[in-house]
Amino acid sequence: MSRLPPLNAMRAFEAAARHLSFTRAAEELFVTQAAISHQVKALEEALGVKLFRRLNRALILTDEGQALIPFVREAFERFTAGVRELERFCCGGTLTVTAPPSFASEWLVARLGRLHHQHPEIDLHVNATPRMVDLIRENVDCAIRHGHGNWPGLIAYRLFQPSLRPVCSPALLSGEHPLRTPADLVHHTLLHALDGPDEWQLWLRAAGVDGIDFGRGLRFDDSDLAMKAAFSGVGVAIGRTPVLDDDLSEGRLVAPFDISIDSECAYYFVVPEATADQPKVQAFRGWLLNEVGRAELAR
């Protein structure tokens, strides 16, 4: 024959062969027994062979039917696998997102349980790195970035603009040189992050503090490491809220001074233009924006 038989006829044959019953095949496919019989008969006529022997109380495959059925089953299994792979690619499967380590560890991770509950079809891979990953070249789905919102070839959705303020371990509020006023910083180590190199200078200027060398102290590749040093009581870091809201509310960190300034940069969700409409990307973006809204309401 020059062309394949209709797919419905092949499906009816596969179900009838598996059950050896037109009645049970009809129940599985939600059609009538007469419809299954009609489809099988049409398939036999198209192929020019008998596929079943119809007995009084039984249905058995002919030699021709037994020869054909393994190929039909394999074909439908491959159809099913192909559809599942398409669903995984478009609607679920692995979604890779890069984020600054501080954002990932201090804000994102604590909320991922709700993502899994709402979208169990998404297997999230979080790549926490201070490096600005080339999403298109490195085949990464999306990212959280801290900046001004202008990245060529990417769509940027603004999440929030953080406030900057000194944070430290509660232990530094007491001791030989307790932190009570900004001038007390002269007795403590300043912790700097390379992803926010001017933040101490900006804050000290806004606070009107003189006599403190804003360039001294310890330097870290990322603010996440600076925060870990602050947790340990090594010194005082510039923290970004609301990224650190959970640590502040639970007392792991304290903000010794009631002075904050707006950061010149904001956090953005960014995605390549070509893949922004993928269902798994849209699902993650919707969840992320909703979480930002929840956090704002809770403040």
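Along the sequence shown, residues are numbered consecutively beginning with 1.
Here the closest non-hydrogen pair linking Pro256 and Val254 is CD-O, 3.4 Å.
Look at Glu14 and Arg18 and you find a salt bridge, because one of the NZ, NE, NH1 or NH2 atoms lies within 4.0 Å of a carboxylate O, short of that distance. At a threshold of 4.0 Å, the pair Arg205-Glu199 does not count as salt-bridged, since none of the basic side-chain nitrogens sits closer than that to a carboxylate oxygen. Comment: Arg131 engages Glu138 in a salt bridge, judged by a side-chain N to carboxylate O separation of less than 4.0 angstrom.
Listed for the Thr241 side chain is no donor-acceptor partner under 3.5 Å among the backbone atoms of Val243. Put simply, the side chain of Ser232 never gets that close to the backbone of Val234: no donor and acceptor are under 3.5 Å apart.
The CD1 atom of Ile122 lies 10.0 Å from the CH2 atom of Trp287; values are rounded to the nearest 0.5 Å.
Put simply, the residue from Val126, Asp224, Asn127, Leu225 that forms a side chain to side chain contact (heavy atoms under 4.5 Å, CB included) with Pro101 is Asp224.
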So Trp107 and Leu159, side chain to side chain contact (heavy atoms under 4.5 Å, CB included) or not? Walk me through it. CA-CA 12 Å; Trp107 195 91; Leu159 300 178; over 6 Å; no
Derivation and outcome, salt bridge (charged side-chain N to carboxylate O under 4.0 Å, His left out), residues Asp246 and Arg111: CA-CA 11 Å; Asp246 292 344; Arg111 294 164 170 81; 3.6 Å; yes
Please test Arg114 against Glu291 for salt bridge (charged side-chain N to carboxylate O under 4.0 Å, His left out), starting from the C-alpha separation and ending with a verdict. CA-CA 9 Å; Arg114 286 194 287 269; Glu291 287 296 322; 2.7 Å; yes
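In this structure, a donor-acceptor pair under 3.5 Å is present between the side chains of Ser102 and Ser223. In the model, Arg158 has no side-chain atom that pairs as donor or acceptor with a side-chain atom of Tyr267 under 3.5 Å.
In this structure, His177 and His188 have perpendicular ring planes: the angle between them is above 60°, well past the 30° mark.
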